[in-house]
Amino acid sequence: MRIVNIVGARPNLMKIAPIIAEIRRFPDIEPVLVHTGQHYDENMSDVFFRELNIPDPDYNLGVGSGTHTWQTAQVMLALEPLLIKLQPDCVLVVGDVNSTLAAALVAAKLCIPFGHVEAGLRSFDRSMPEEINRQLTDAVSDYLFTTSRDANENLRREGIPEHKIFFVGNVMIDTLHRFRSRAEALQLPSRYGLMPGHYAVLTLHRPSNVDSAGGLGEIVDALEVIQTRLPILFPAHPRTFERLKQFGLLRHLGAMSGIGLLEPLCYLEFLGLMAQSRLVLTDSGGIQEETTVLGVPCLTLRENTERPVTVSQGTNEIVGTSSKWIVEAVWRILDGGGKRGRIPELWDGRAAERIVAILRDILSKRLCTTDRSSG
Ligand code: UD1
């Protein structure tokens with residue numbers, strides 16, 4: 001049974017790690033790992049392989065950065081001959097990045113059974129590149145593994161037949177459970193001269209937030225006010241760092257004594273910082289889920305979320321991107337508010353186990369049928 005796992009960008013890595021670890025427990029499965037090279041910097045990719053014990057990729061397509069169309073097309077062009085050579089029994093992808101969609105299209109065109117982990121999430125906002133990736137990937141997937149019941153509903157509404165949908169839980173949370181105590185033992189806040197519970201963590205990388213001077217300036221205005229009461233650690237994505245420079249905001253931010261602008265952090269350091277923070281400000285998807293499990297209030301600087309369970313059950317609040325709303329939301333938390341939340345169903349550290357059990361069951365039955373028909 002040969003399963004080709006395809007990753008491309010940073011958030012794919014914490015999701016694939018538990019799946020590969022689980023697959024490796026079964027000698028009847030041969031895992032092959034392909035990295036598209038969408039992310040390529042040491043601190044955006046390699047460090048996660050080492051920390052999360054992901055084996056080195058068997059193939060790296062070395063695609064790199066470009067426009068969305070260019071990047072998606074390059075992954076497709078490089079992947080097609082590789083999948084033809086490998087003849088896998090199944091291709092498995094995680095998440096919603098351009099590499100995910102590219103892999104889905106190639107596998108579908110080659111009629112290779114295809115599984116999507118984290119299927120069915122919808123922000124209903126097509127201006128978000130990931131929303132298009134999610135909808136199209138799910139449309140051509142054979143096995144759709146979901147993290148929440150609302151995702152099952154979304155898939156049903158889009159006409160995906162019931163037998164293709166599997167509610168299995170959240171693989172990103174498998175990784176969090178596995179590494180949380182190691183991350184907290186690093187005592188990260190003291191490295192930055194901070195006390196646990198007395199600082200915020202910020203991440204920003206959505207094009208809609210960082211690609212215009214007005215939008216990014218609005219968020220920086222909010223930070224200027226917030227950092228007078230609560231220090232903020234800000235590990236900046238390379239894209240965001242470039243935009244801060246380009247829009248002349250870097251020096252402004254550098255002059256604020258309560259802002260710690262950092263390089264992108266490795267998984268353990270970032271998890272350790274988040275776990276002990278007072279609150280998190282973010283436009284990421286995965287961080288909304290991680291803060292829910294950590295019980296840390298999360299303010300999402302977007303107008304919507306594809307992960308509504310983090311709002312209805314978890315610690316997440318969608319605050320938008322206006323400076324006034326962001327500051328008011330932070331003050332509410334500092335003045336005694338902040339959601340407590342509870343952990344969503346099946347976010348129990350065993351999602352990868354369920355996924356691999358389902359795949360082994362389906363694929364072994366399929367292989368038996370193929371053997372019989374060819375024999
Ligand atoms: C991608 C994903 C996004 C995910 C994010 C996590 C898509 C559409 N977007 O966004 O869903 O949340 O990854 O980080 O797939 N760059 C580097 N070094 C790298 C990688 C990128 O410097 O290793 C810079 C380049 O200037 C590049 C820019 O970051 O142009 C954006 O990278 P890209 O992969 O296109 O998208 P992300 O914004 O990282």
Side-chain angles (χ1 to χ4, degrees), residues 6-16 35-50 52 57 60-76 78-79 93-105 116-119 121-123 125-138 172 175 201-212 215-216 234-247 262-267 270 274 280 282-291 298 300-302 304-307 310:
I6 299 173
V7 293
R10 181 170 62 176
N12 292 161
L13 304 176
M14 30 297 221
K15 295 172 194 169
I16 206 72
H35 193 326
T36 66
Q38 176 173 344
H39 284 177
Y40 42 85
D41 284 347
E42 155 74 22
N43 60 11
M44 295 293 284
S45 177
D46 298 7
V47 68
F48 294 88
F49 277 80
R50 288 196 300 275
L52 304 177
N60 191 323
L61 308 181
V63 163
S65 302
T67 65
H68 289 260
T69 301
W70 183 91
Q71 195 172 54
T72 309
Q74 291 304 312
V75 175
M76 289 180 71
L79 194 57
V93 298
V94 292
D96 56 14
V97 303
N98 288 341
S99 300
T100 311
L101 172 60
L105 292 175
H116 182 208
V117 175
E118 212 182 61
L121 297 182
R122 297 289 181 267
S123 66
D125 172 5
R126 282 233 181 135
S127 67
M128 197 182 176
E130 292 80 2
E131 182 69 0
I132 300 182
N133 294 345
R134 289 188 280 259
Q135 291 185 6
L136 297 182
T137 300
D138 287 341
M172 196 166 203
T175 300
V201 174
L202 165 71
T203 78
L204 281 180
H205 75 283
R206 296 268 158 233
S208 55
N209 278 342
V210 306
D211 280 0
S212 81
L216 191 53
F234 180 15
H237 185 287
R239 167 197 210 103
T240 309
F241 189 80
E242 278 309 308
R243 296 293 184 262
L244 286 167
K245 253 198 323 209
Q246 183 186 340
F247 302 144
L262 313 174
E263 296 270 314
L265 295 175
C266 61
Y267 181 75
F270 188 70
M274 257 195 318
V280 171
T282 192
D283 61 8
S284 149
I287 291 173
Q288 298 171 46
E289 299 180 336
E290 290 169 330
T291 45
C298 177
T300 296
L301 311 187
R302 286 170 45 187
N304 51 52
T305 181
E306 62 290 337
R307 292 161 161 92
T310 61

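Values reported hereafter were calculated over all heavy atoms of this structure, with side chains retained and with hydrogens, waters and symmetry mates removed. Each ligand, and each atom within it, is numbered from 1 in the order the structure gives.
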Top protein contact for atom 36 (O) of ligand 1, by heavy-atom distance: Arg239 NH1, 4.0 Å
Closest protein heavy atom to atom 6 (C) of ligand 1, given as residue, atom name and distance to 0.1 Å: Pro11 CD, 3.5 Å
Any N/O pair Asn133/ligand 1 closer than 3.5 Å: no
Side-chain (Asn209) to main-chain (Leu301) donor-acceptor, under 3.5 angstrom: yes
N/O separation below 3.5 Å, His68 to ligand 1: no
Whether Arg134 side chain and Asp96 backbone form a donor-acceptor pair below 3.5 Å: no
Shortest protein contact, atom 18 (N) of ligand 1 (heavy atom only): Asp41 OD2, 2.8 Å
Thr282 side-chain N/O to Ile287 backbone N/O, donor-acceptor pair under 3.5 Å: no
Structural part of His39 in contact with ligand 1, heavy atom criterion under 4.0 angstrom: both
Flag if over 12 foreign heavy atoms under 6.0 Å of CD, Glu263: no
Numbering as shown, the atoms of ligand 1 that approach Ser65 to under 4.0 Å (heavy-atom distance): 21 (C), 25 (C), 27 (C), 30 (O)
Whether Thr291 side chain and Gln288 backbone form a donor-acceptor pair below 3.5 Å: yes
Check: Ala104 main-chain N/O paired with Thr137 side-chain donor or acceptor under 3.5 Å: no
Atom indices of ligand 1 within 4.0 angstrom of His205 heavy atoms, with elements: 4 (C), 5 (C), 6 (C), 12 (O)
For atom 37 (P) of ligand 1, the protein heavy atom that lies nearest, with its residue and separation: His237 NE2, 3.8 Å
Nearest candidate to atom 15 (O) of ligand 1, where distance is taken over non-hydrogen atoms, out of Asp283, Thr72, Asn98, Asp96: Asn98
Donor-acceptor contact below 3.5 Å, side chain Thr100 vs main chain Val94: yes
Residue and atom name of the nearest protein heavy atom (relative to atom 9 (N) of ligand 1), distance in Å to one decimal: Glu130 OE2, 3.4 Å
